[in-house]
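Notes follow once the structure below has been shown.
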Amino acid sequence: MADKKSDIGLVGLAVMGQNLALNIADHGFQISVYNRTASKTDAFVAENPNTPGGLVGTQTLEEFVQSLERPRKVIILVQAGRATDAVIDGLTELLEPDDIIIDGGNALWTDTIRREKDLNAKGFRFVGSGVSGGEEGARFGPSLMPGGKESAWNELKPIWEAIAAKVDADTGKPIDGAEPGKPVEGGVTCTTYIGENGAGHYVKMVHNGIEYGDMQMICEAYQLMGNLLGMEPKEMSETFGTWNEGVLDSFLIEITTDILQQTDPETGVPFVDIVLDTAGQKGTGKWTAVNALDMGISAPLIAEAVFARCISAVKDERVAASEVLKADVPGFDGDKEEFTQAIHDALYCSKICSYAQGFQLMREAQNEYDWNLNFGEISMIWRGGCIIRAAFLQKIFEAYQRDENLANLLLDPFFKSEIERCEANWRKVVAAGAIHGVPIPAFSSALAYYDSYRSARLPANLLQAQRDYFGAHTYERTDKPRGEFFHIDWPEADRPQLKM
Ligand code: NBP
């Protein structure tokens, strides 16, 4: 063991843990590491002998805890859920008051709230930090979303700021040579204190929900290009590449451009064509959609993105249904170039709606949990290091700079004018999807969201009348103040009877 105590420790040496540990060590911090299966620790330390800060491999949790400088800072990067609780239980036997546990996994925010309460009661401090950007982000600069007591964050801050992504605010490109721990001049360090208890993990969850939406929207653009315009993957790649130069400039468009260029090493066919069309999921998108339903906030695009993965997963059933349900739809005979631009615009408008929904969720959650979220800062720490990094986030930042209490992104003057500019094409694409039988649930639900949100009057008056009819659920009147409820005695005799 090293003579000097380590600045920080990390438990869990799978993909994320190994990469984050190397990132921390690269920034000059000595880090102790521990993994349940000790052979992984040995191999990891042996493979990385010369990091600037130094890796200290430990074989037992006791040895690990003893190797850390006080107040100890321990990052947990194990499987979310029971494994995290098991590691916390083991640590609390050994840690001392004021020591800090940091959960960097994809924890459910309500688990984080529970854990923080329990740990605070035992005298420990706890930070639930979202870590985004996958393997690459963890290694070279993730977007980090920490939540918990501010005193705990202040202890962690120098390390979190050192290892987080640092990007140019205008271009989103990584800034080289930024000094560890120092905010970058003219740039963004992709971490900030998010808020109390589960706020960091909540914001990370919404990030993942938005990521589901972004991926689904790109897939819908791809499907329209293929099914309606007959484009081959290489041609699509060129189109996505062009789009990446404009308002859609983002990591996900960039990797899509690359993926569509790739050929399958075994067969030589476009790689994307040999990948089976069944999508998996780990649950954070579903959590976001479930939470939207629980809070009564409209976030249909994120939910549609989850459902799109669900229906993709019933491949055999879809193949069988395709033989039976043969819709009589016409082929597309419009102008290819014009329609390609229309797809671009539909994607852009839908993306604005998707982010509007994500930020609505965070706004409601902050009321529910008494957080004080800074939406402008949140959009900026997603500017680099994470999967949804995009030029577009700069515009969201500017929108919240103009009005920190913005009711909905759609009402910001910039986004309003962008939608007005592209709206006709968006409608054209949604209509084409319906006419030609191409499923585009994200594009269509985004348009329905937009049209609903801008409707002064929705048909919920009839719905409320139906509720009053069958369940005496009462209704409010257009000619009386809000909050006064009425009920009509629907005559029994006039009620339709169920025919048996
Ligand atoms: P995994 O989620 O695959 O977890 C594997 C790690 O958990 C191993 O170190 C394993 O130890 C340890 N572990 C388990 Br499983 N049960 C344990 C227990 N009861 N006690 C102690 N250790 C236990 O690792 P990952 O993919 O690196 O992800 C780590 C966390 O980061 C997760 O919460 C994940 O959701 C989150 N995350 C992942 C990504 C990504 O791109 N993968 C991105 C962002 C966030 P062992 O070696 O002894 O089995």
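Numbering of ligands and ligand atoms starts at 1, following listing order. Values in this document were obtained by computation on a predicted structure and should not be read as measured data.
- Heavy-atom contacts of K40 reach the following atoms of ligand 1: 46 (P), 47 (O) (cutoff under 4.0 Å).
- Under the side-chain contact (heavy atoms from CB on, under 4.5 Å) criterion, F251 pairs with I255, I387, R389, not counting sequence neighbours.
- Considering backbone and side-chain N/O of A83, none are found under 3.5 Å from N/O of ligand 1.
- Near V87, the atoms of ligand 1 lying under 4.0 angstrom from a non-hydrogen atom of the residue are 20 (N), 21 (C).
- Atoms of ligand 1 found under 4.0 Å from any heavy atom of L13 (numbered from 1 in listed order, with element): 9 (O).
- In this structure, D111 pairs ionically with R114, as a charged nitrogen and a carboxylate oxygen lie closer than 4.0 Å.
- Looking at R82 against ligand 1, nothing comes within 4.0 Å, counting heavy atoms.
- The distance from the CZ atom of F126 to the CD1 atom of I100 is 12.0 Å, given to the nearest 0.5 Å.
- Interface atoms of ligand 1 facing Q79, defined by a heavy-atom separation under 4.0 Å, are 2 (O), 4 (O), 7 (O), 15 (Br).
- For atom 39 (C) of ligand 1, the nearest non-hydrogen atom from the set E135, M16, K282 comes from M16.
- Those atoms of ligand 1 with a heavy atom of L77 less than 4.0 angstrom away are 29 (C), 30 (C), 31 (O).
- For ligand 1, the atoms lying closer than 4.0 Å to a non-hydrogen atom of N35 are 8 (C), 9 (O), 11 (O), 46 (P), 47 (O), 48 (O).
- Checking each of Q30, R72, H27 against D7 for a side-chain contact (heavy atoms from CB on, under 4.5 Å) leaves exactly one that passes, namely Q30.
- Residue-level proximity to ligand 1 for T84 is absent, since no heavy atom of it falls below 4.0 angstrom.
- Remark: K395 is not positioned above the aromatic ring of F415, lacking an NZ or CZ atom under 6.0 angstrom from the ring centre and at most 45 degrees off the axis.
- The heavy atom nearest to atom 12 (C) of ligand 1, out of those in V78, N106, V15, is found in V78.
- A donor atom on one side chain and an acceptor atom on the other are not found under 3.5 Å apart for E150 and Y193.
- Against a heavy-atom cut-off of under 4.0 Å, G12 is close to the following atoms of ligand 1: 9 (O).
- With atom 18 (C) of ligand 1 as the reference point, the heavy atom nearest to it among H207, E136, K204, R36 is part of R36.
- A salt bridge between R125 and E116 is absent, with no side-chain N of the basic residue lying under 4.0 Å from a carboxylate O of the acidic one.
- Using cut-offs of 30° and 60° for the angle between ring planes, the Y369 and W371 rings count as parallel.
- Near G134, the atoms of ligand 1 lying under 4.0 angstrom from a non-hydrogen atom of the residue are 41 (O).
- Side-chain contact of S237 with Q261: a donor-acceptor pair under 3.5 Å is present, judged by distance alone.
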